[in-house]
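Contents: one structure, followed by commentary.
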Amino acid sequence: MPISSQMIMTLMDSLYRNNIEPIFFFDAKGAIIDMNPAAENILDPSELASMQRNEEHSPFCITCRGYTSDNELMSCINCFMSHTQAEFSSFQVYLNTKDKGVIPFSASFQTIDKETGTRVLMLRDLTSQLVTQESMYRNTMMKNTIKAQEDERKRISRELHDSVAQELLSSLVELRVLKYLNVSEDVLQKLEQTEGSLTRLLDQIRNMSVELRPSSLDDLGLEAAFRSHFKWIEKNYGVIVKFTPKLNGTRYNNEIETVFYRICQESLLNAIKYADVDEVEVTLFETEEYLEMIVEDKGEGFNLSLRDPKGTGLGLYGMRERAELVNGNLSITSQIGSGTKIHLQIPTNVARYDKN
Amino acid sequence: MMNEASEIYNYQMKIDDLRESLSCDFVAVAIAKSASEGSEITWQYASGNLNNRYKRIILRSGKGIAGIVFKTGKPMIINDVKSDMMNEDLFNYPIVVSEKLCALIAVPLFQYARVTGVLLVGYRQPTLISETFASNLKSLLHNEFGAFDIKGL
C-alpha cells in the first residue's frame, strides 16, 4: 500500500539526520545550503559562514583534496562541482576529515532540482574497504612470490639431481673402469685422485640439490624429509634433534608440507645460531582440527622485540607470513635464560592431500 | 695403528698443557679415519670446549676447518671470524659455531707424508695470529705430537 507523502517526508527527515554517511546540499554556485550531522565531521558548520563569502570557489574546496579521475588519484581538473553530468553519479573523492585526516570517499553528486540548480553530494567512507583490498592484494602477491620461489627451487633441485648428478656419476663409473685397465702406477695414482675429487663434487651437487628442495619432501612426505634434515643437522652442527612424529603416514598437500618444512628449517637454524644448545625437540602431531608442530629448545632464549633478518632469508617475519598464507597460526615464545618455543598450527580441513 | 690407551692420555694432556701455555680458549685435534680422500674426519680431542657438540660433527675432505686443512695440507689462519667469514654459510664451519670461535689457526698433522689429522688452536676474541705461530707451536710441542709428524710446521 503506498504510503502518504507525509510519511515519506518523515522518513526522509529521519534518514537525513541519522545517516552515518555525510550528505551536502549545494546551490547552483557551489555554496552549501545544508549538511547533515554526519557531514560535520568533514566541515565545521561554524566555519561555514566565513567560508561562503569567497565567491571564487565553493567553500567545499577547503576540505576537498580532489577526485580520482582516469589519470590522477586526486584531481581538480573538470571538478564535479562545475559539472553534474552522468559521469559524476559515482566517483571517488578525497576529503579532509576531523578525526582521520585525508581519506577517500565513495561519492555521488546529482542535481535534484533542475530549476534552482540544487545539487546533493552523498558520501561513503571507503577506508576500511580499501584497507581490505590492499591487504588482499599484498597477500596474493606474497603467495605468488613464495610459490614462484619454491617452484624455481624445485626445478633447479630436480635438474641438479636428475641430469647433472647423473652425468657426473656415469663419468665416475667410467673412471673407475679405467683403473682396471693396464695402467702404470703413476697413472693409477692420478686416477685415484681424480676419482676422489669427482666423488666430492658429486656430494656437493647432491647437497645443493637437497638444500634447495629435498625430493623426499615431495616424494615421501614431511616425516621422511624431517628425518633426513635432522640427520644432516647432527652431522653439520653436532646438535641432536629429538623428533617425535605422531602422524600415521598421512600426506598433506604440497603447499602445507612446504610451509612446515621451511618453518622447521628456519627455527632450527635460529636455535643453532643463538640458543647454544646441544639438543632441540621437534614434535609433529594432529589434533581434531589442526596439523601442529612444536620446535622447542631450553637454550638462551631471545628478546622477541628485536628481529634478526639473517638466516635462510625468512627470519621471524617471513615465518609468520608463510603460516598466515595457509590460514595457519604461528606463535613464538621465548624467555632469556629459559628457552624458545615455536608453535605452528594449520587447519586440516584445507590441509589434507587431495589425490584428485 | 696407534696404541689407544697410552695415546689417549698423551693427546688430551698435551692439548690441555698447550692451551695453558698459549693462553688460548680452545684446542682440538681432528683425526681422519684413513689418509684417503673420501674418509670421515672427526674431532677426537678437545680442551676448553663449551659443550660436547664437537663430538658429533662429521667432516670430509674440503668441508669445515679440518676438512680444508686436510685437503690443502696447509695451515689455515682466521684472525676475525666476523669479518673474514661474513658471507659464508655457518654450517660450512661447524666447530666455529659450536665453540663460538672468533680467531683460529689450524695446522695439518702428517703421517708418512700424508695428512691424517688437524690441530686447531682457537680464540673467542679476535686475535692477530702471526705467520710464525705455526713454528712457535712446533717448539712448544718439542717437535713431536704423538703419532703425528709435525717437523714440517
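Side chains are part of it too, since the values below use all heavy atoms of this structure and drop only hydrogens, waters and symmetry mates. Order of the sequence lines sets the chain letters (A, B, ...), proteins ahead of strands, with each chain counted from 1.
Proximity to chain B involves both the backbone and the side chain of I272(A), based on heavy atoms less than 4.5 angstrom apart. Contact annotation for D276(A): both backbone and side-chain heavy atoms come within less than 4.5 Å of a heavy atom of chain B.
A salt bridge links E159(A) with R155(A): at least one charged nitrogen is closer than 4.0 Å to a carboxylate oxygen. Ion pairing of E266(A) with R322(A) is absent here, as no side-chain N (NZ or NE/NH1/NH2) approaches a carboxylate O to less than 4.0 Å.
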Which donor-acceptor pairs under 3.5 Å do the side chains of residues 179-188 of chain A make with protein atoms, sequence neighbours left out?
| from | atom 1 | to | atom 2 | distance (Å) |
| --- | --- | --- | --- | --- |
| K179(A) | NZ | E195(A) | OE1 | 2.9 |
| S184(A) | OG | D186(A) | OD1 | 2.7 |

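Remark: the backbone N or O of I156(A) is not paired with any side-chain donor or acceptor of R213(A) at under 3.5 angstrom.
The aromatic rings of W232(A) and H229(A) lie parallel to each other, with less than 30° between the two planes, well short of the 60° mark.
Of all residues in residues 49-59 of chain B, those placing a non-hydrogen atom less than 4.5 angstrom from a non-hydrogen atom of chain A are N51(B), N52(B), R53(B), R56(B), I57(B), I58(B).
Under 3.5 Å, the side chains of N254(A) and D218(A) contain a donor-acceptor pair of N or O atoms. No side-chain donor-acceptor contact under 3.5 Å links T127(B) and Q125(B).
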